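Read the numbers this way: they start at 1 and go in the same order the structure lists the ligands and their atoms. Positions are given from 1 along the sequence. From a predicted model like this one, the values you see are computed outputs, not experimental measurements.
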Amino acid sequence: MSVAKKEYKRVTVKSLIEMKKNGEKISMLTSYDYTMAKIVDGAGTDVILVGDSASNVMAGHETTLPITLDQMIYHASSVVRAVKRALVVVDLPFGSYQSDPKEALRSSIKIMKESGGHAVKLEGGKEVKESVKRILNAGIPVMAHLGLTPQSIYKFGTYTVRAKEEEEASKLKKDALMLEKIGCFALVLEKVPAKLAQEVADSLTIPVIGIGAGSGVDGQVLVTHDMIGMTHEFNPRFLRRYMNLYEDMTNAIGQYCKDVKAVDFPNKDEQY
Ligand code: KIV
């Protein structure tokens with residue numbers, strides 16, 4: 001199904017670095033449950049992110065802040081049970097790594113032990129450097145996340161494009177180089193100008209996966225519920241909807257309700 005330059009039976013952190021070297025773009029999507037993960041993995045997605053966006057998509061919270069470590073582990077273990085090929089990356093939720101490196105390591109170990117995920121992702125640059133080093137020293141692969149970092153929404157105040165000004169762009173570039181140097185295997189860049197994202201991708205040997213960061217990066221990530229049109233109120237410019245599942249599901253469920261009321265369902269063949 002995908003246009004792959006090399007077949008990978010199982011995607012590892014090494015495969016992703018190799019994909020970048022070979023000029024093969026990386027596909028990444030979110031999943032929070034077994035059924036969705038089975039479809040996303042079966043369709044050939046390289047990386048499945050158990051994102052803390054579960055807080056919005058699964059639980060209906062306005063931000064990603066409320067989701068807990070145990071809730072992330074529940075989602076991640078459901079995903080891991082479904083996946084045969086993709087690399088499963090699990091978000092460290094807000095409050096599970098910011099206070100100190102020991103806490104960051106404890107949370108990461110808990111995720112790896114209890115969910116069976118293959119790597120963790122966390123948000124931030126210089127501020128989380130010591131935590132990232134601690135996690136990496138324990139042999140746990142780390143994916144970094146810069147640009148718009150939704151766990152800091154109350155600091156930013158809005159979800160608009162980040163690093164448009166030189167000062168923030170320059171900090172982002174420095175953070176990206178530092179994160180590669182200390183050993184992160186990949187970097188997510190969220191909602192930054194395409195030119196800056198390409199510059200960062202060109203300056204690193206680890207893959208840069210973009211969301212709202214243009215086409216000059218090494219791969220793309222979207223929230224699956226958004227790209228299949230199951231959600232319909234979130235309409236950022238970067239989102240391409242491949243289906244309108246919200247409408248299709250509403251019509252199907254509406255038809256089912258009508259059929260039940262009309263005693264059309266179940267029919268003779270649908271009973272014992
Ligand atoms: O939580 C999430 O879904 C994410 C992606 C948007 C990158 O972090």
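- Between Lys121 and ligand 1, an N or O atom pair is found at a separation short of 3.5 Å.
- Looking only at heavy atoms of the protein, atom 4 (C) of ligand 1 is closest to Leu49 CD2, 3.5 Å.
- Within ligand 1, counting atoms from 1 as listed, the ones closer than 4.0 Å to a heavy atom of His145 are 8 (O).
- Taking only nitrogen or oxygen atoms, main chain and side chain alike, Asp52 reaches within less than 3.5 Å of ligand 1.
- Closest of all the heavy-atom pairs between Pro150 and Glu190 is CD-OE1, 3.8 Å.
- Atom numbering of ligand 1 starts at 1 in the shown order; those under 4.0 Å from a heavy atom of Thr30 are 3 (O).
- Residues passing the side-chain contact (heavy atoms from CB on, under 4.5 Å) test with Ser131, sequence neighbours excluded: Pro101, Ala104.
- From the protein, the heavy atom lying nearest to atom 2 (C) of ligand 1 is Ser53 OG, 3.2 Å.
- Among all heavy-atom pairs drawn from Ile135 and Leu105, the shortest one is CA-CD1, 4.0 Å.
- Phe156 carries Arg162 over the face of its six-membered ring, with the cationic atom under 6.0 Å from the centre and within 45° of the normal.
- Hydrophobic cluster of Val260: the remaining members, joined at side-chain heavy-atom separations below 4.5 Å, are Tyr256, Phe265, listed by chain and number.
- With ligand atoms numbered from 1 in the order given, ligand 1 contributes 6 (C) to contacts under 4.0 Å with heavy atoms of Ile211.
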